[in-house]
Visitor: 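The structure under discussion is supplied below as structure tokens; questions concerning it will follow.
As the structure is a computational prediction, the values presented were derived from the model and not from experiment.
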Amino acid sequence: MSTGYVLAIDQGTSATKGVLLDGTGRIVRAASAPVPISYPQPGWVEQRAEDVLESVAVAAASVLEDVGAGEVSAVGLSTQRESALLWDLSTGKPVDALLGWQDQRAGSVCGHLQDRRERVRQITGLPLDPMFSAAKLSWLLDRHDPDRSSARAGRLAVGTVDSWLLWSLTGQHRIEAGNASRTQLLDLRTGSWSPELLEIFNIPEAVLPEIIPSEGELGRITGGPMGGLNLRAVLGDSHAALYAHGNVGTAAKVTYGTGSSVMQPATDPEGDDRPTVCRTLAWADPRPQVALEGNIRSSGSTLTWLAELFGTTPENLSRLAGESSSDGVHIVPAFGGLAAPWWDENAQGLLSGVTLGTRLPQLARAAVESIALQVDAVVRAMGGAGSILADGGATSSDVLMQLQADVSGVPVRRARERDLSAIGAGLLAARSAWGVLHPLSYDDFHPAGSSADLRAAWLGAVRRSRLARLDGE
């Protein structure tokens, strides 16, 4: 056993979590700080970059209370991914809001680049979509530096949440390789910024951060509650959860959060090309690990939306879902379009099958079903899986876990440890500092029935949600 602690920070969409890992890799202390989100227009999802930074400080201070700086060997950081921002290098202040990964305002940028869609996917492994950072960064520069003069002169910086935190905590304009692969500006084969993509999105290279590995000596934190500590690992949140699971074999890792990420290590990084899912860089430590991934825009946020609508809680909705059938009610949570495996930004949110007898329990069941059915669609697009390794906040619902096993027809293994994104970043930092790892423990859910009819009916609802676009083709 190693002595001392590793501090892990997981900066997520709705909250920042801090955990302290002991020498066995187990959580001995945890804290959380909320991060406000605003929706100023339909399709717009914003946060204040200052609020994100403050939440990191609050979570870290809570975890480190009464812990001496000399007792912490390393810091690991996991972050939400495709969110993007622009800041002034002379003042260090953002010049606009942080555009959330769910934000769709850059759809017009993608619309003007339809003839480059296939080329963008070939270079990056990602479909052209406003979810990814490149279109958002182009939109921000069009708004604040239309001729790109300030960008070319080095007066502005762009980045994702990890690069904003690296800048704020260490004073260095950097981005971790896995997060860089989610910008849609990285050439996945070379691990470098692509000159062709920079031209396509009209983003000067001078404004971009330096790409760094996922682990190593990544910088000393200069102030705040973590001042003086060494940052040794940075990962995207979904990537960190995959790392925490270890050798997943033929399983698919599913992180159930605000949205969901379905990931599998790519057995053939160059040739495993499935157009309906992404190829992404999971981490570089320093060797790159390429993964297949399908992104779901709304899973946990569907329950949050329904709970707020009816003045209840997601936990109560999960309970109601376990006591009821959906009775033919279907929810397609295309609040900002649909991501994998459809990649249809024009799909509309849909509630169907409602009758005079429909009540909250039926809606709750339909909402939970929508999560499992979206995950299943992505797993099938990846070619299937021997099992599903589940983590994230929504996995606390036994109803969802059992439904996922029934819908997908494979065992679901729920990690007993919570906060796997934080744990994964902490374990990578611990490996650099101590060389320590530990196996996870799981609760297993086995298929108990067929859901073929439910899947077919829900896919019919998905088609109706996309009719506005399909009818115009």
Side-chain angles (χ1 to χ4, degrees), residues 12 237-238 240-242 244-246 248-264 293-307 312-326 330-331 333 340 361-380 382 384-424 439-455 458:
D237 50 10
S238 297
L242 179 66
H245 281 287
V248 303
T250 62
K253 184 279 306 182
V254 183
T255 298
Y256 296 81
T258 301
S260 287
S261 163
V262 184
M263 298 185 83
Q264 288 181 317
E293 181 177 18
N295 303 98
I296 295 168
R297 288 196 174 105
S298 184
S299 51
S301 59
T302 305
L303 292 175
T304 300
W305 163 76
L306 189 63
T312 185
T313 65
E315 293 75 17
N316 188 48
L317 292 179
S318 179
R319 180 186 63 79
L320 292 173
E323 300 171 352
S324 176
S325 165
S326 56
H330 299 295
I331 293 176
Q362 287 76 34
L363 295 174
R365 180 73 181 192
V368 173
E369 288 176 350
S370 77
I371 299 173
L373 288 159
Q374 286 181 101
V375 168
D376 179 68
V378 173
V379 171
R380 291 173 186 274
M382 286 180 168
S387 63
I388 289 173
L389 302 178
D391 62 82
T395 63
S396 60
S397 169
D398 288 356
V399 174
L400 173 59
M401 295 294 94
Q402 185 59 55
L403 182 60
Q404 189 70 71
D406 293 342
V407 166
S408 297
V410 298
V412 172
R413 309 197 68 206
R414 176 178 64 192
R416 290 176 181 166
E417 292 85 350
R418 296 294 183 256
D419 303 323
L420 244 62
S421 292
I423 289 174
L440 300 179
S441 55
Y442 295 90
D443 296 316
D444 292 338
F445 297 81
H446 296 279
S450 172
S451 298
D453 291 343
L454 172 63
R455 183 187 309 112
W458 186 78

Visitor: Decide side chain to side chain contact (heavy atoms under 4.5 Å, CB included) for Ser441 and Glu417; before the verdict, give the C-alpha distance in whole Å, the side-chain angles of both, and the deciding distance to 0.1 Å.
Guide: CA-CA 7 Å; Ser441 55; Glu417 292 85 350; 3.7 Å; yes
Visitor: Per the side chain to side chain contact (heavy atoms under 4.5 Å, CB included) rule, which among Leu373, Val368, Asp376 passes with Gln404?
Guide: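 Among the candidates, only Asp376 passes.
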Visitor: Once rounded to the nearest 0.5 Å, what's the spacing between atom CZ of Phe445 and atom CD1 of Ile388?
Guide: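 So the CZ of Phe445 and the CD1 of Ile388 are separated by 12.5 Å.
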Visitor: Is it true that the side chains of Gln374 and Ser299 contain a donor and an acceptor less than 3.5 Å apart?
Guide: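 No - no donor-acceptor pair under 3.5 Å links their side chains.
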Visitor: Any idea which heavy atoms bring Val410 and Ala385 closest together, and the distance?
Guide: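 Taking Val410 first and Ala385 second, the nearest heavy atoms are CG1-O, 3.4 Å.
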Visitor: For the CD1 atom of Ile371 and the OH atom of Tyr256, what is their distance to the nearest 0.5 Å?
Guide: 8.5 Å
Visitor: When you measure from the side chain of Arg416 to the backbone N and O of Tyr442, does any donor-acceptor pair fall under 3.5 Å?
Guide: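 Here the side-chain-to-backbone pair exists.
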Visitor: Please report the interatomic distance OG(Ser301) to CD1(Ile296), rounded to the nearest 0.5 Å.
Guide: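 Output value for this atom pair is 10.5 Å.
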Visitor: List the atom of Ser396, the atom of Arg418, and the distance in Å for their closest heavy-atom pair.
Guide: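 Smallest interatomic distance, heavy atoms only, reads CA-NH2, 3.8 Å.
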Visitor: Mark yes or no for whether Thr313, through its side chain, and Asn316, through its backbone, hold a donor-acceptor pair below 3.5 Å.
Guide: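 Yes; at least one donor-acceptor contact below 3.5 Å.
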Visitor: Nearest 0.5 Å, please: how far is NE2 in His245 from CZ in Arg413?
Guide: 10.0 Å
Visitor: So that I can tick it off, tell me whether Arg319 and Glu315 are bridged by a salt bridge, with the cut-off set at under 4.0 angstrom between side-chain N and carboxylate O.
Guide: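 Not counted as a salt bridge, because no side-chain N and carboxylate O are separated by less than 4.0 Å.
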Visitor: Kindly determine whether Leu403 and Arg365 satisfy side chain to side chain contact (heavy atoms under 4.5 Å, CB included), including the steps that lead there.
Guide: CA-CA 10 Å; Leu403 182 60; Arg365 180 73 181 192; 3.8 Å; yes
Visitor: Between atom CD of Glu369 and atom OG of Ser326, what is the distance when rounded to the nearest 0.5 Å?
Guide: 3.5 Å
Visitor: Which heavy atom in Ala252 sits nearest to a heavy atom in Val379, and how many Å separate them?
Guide: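 Scanning both residues completely, I find the closest heavy atoms to be CB-CG2, 4.3 Å.
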Visitor: Rounded to the nearest 0.5 Å, what separates atom CD in Glu293 from atom CD in Gln264?
Guide: 11.5 Å
Visitor: Is there any salt bridge (Lys or Arg N to Asp or Glu O under 4.0 Å) pair reaching into residues 387-412, and which pairs are they, with sequence neighbours excluded?
Guide: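 Every salt bridge (Lys or Arg N to Asp or Glu O under 4.0 Å) pair that includes a residue of residues 387-412, provided the two are not neighbours, is Asp398-Arg414.
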Visitor: I want to check something: taking the side chain as every heavy atom from C-beta on, are Arg297 and Pro333 in contact at a cut-off of under 4.5 Å?
Guide: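 Arg297 vs Pro333: side chains apart.
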Visitor: Which heavy atom in Leu317 sits nearest to a heavy atom in Ala307, and how many Å separate them?
Guide: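 Where Leu317 meets Ala307 most closely, the heavy atoms are CD1-N, 3.6 Å.
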Visitor: Ala340 and Gly294: which non-hydrogen atoms are nearest, and at how many Å?
Guide: CB-CA, 3.7 Å
Visitor: Closest heavy-atom contact between Val412 and Ala390?
Guide: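 Closest approach of Val412 to Ala390, heavy atoms only: CG1-CB, 4.1 Å.
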Visitor: Any side-chain to backbone donor/acceptor pair from Ser397 onto Leu400? Under 3.5 Å, distance only.
Guide: yes
Visitor: Check whether any side-chain heavy atom of Asp237 lies under 4.5 Å from a side-chain heavy atom of Thr255, and answer yes or no.
Guide: no
Visitor: Give the C-alpha distance, both sets of side-chain angles, the deciding distance and a yes or no for side chain to side chain contact (heavy atoms under 4.5 Å, CB included) between Leu440 and Leu420.
Guide: CA-CA 10 Å; Leu440 300 179; Leu420 244 62; 3.6 Å; yes
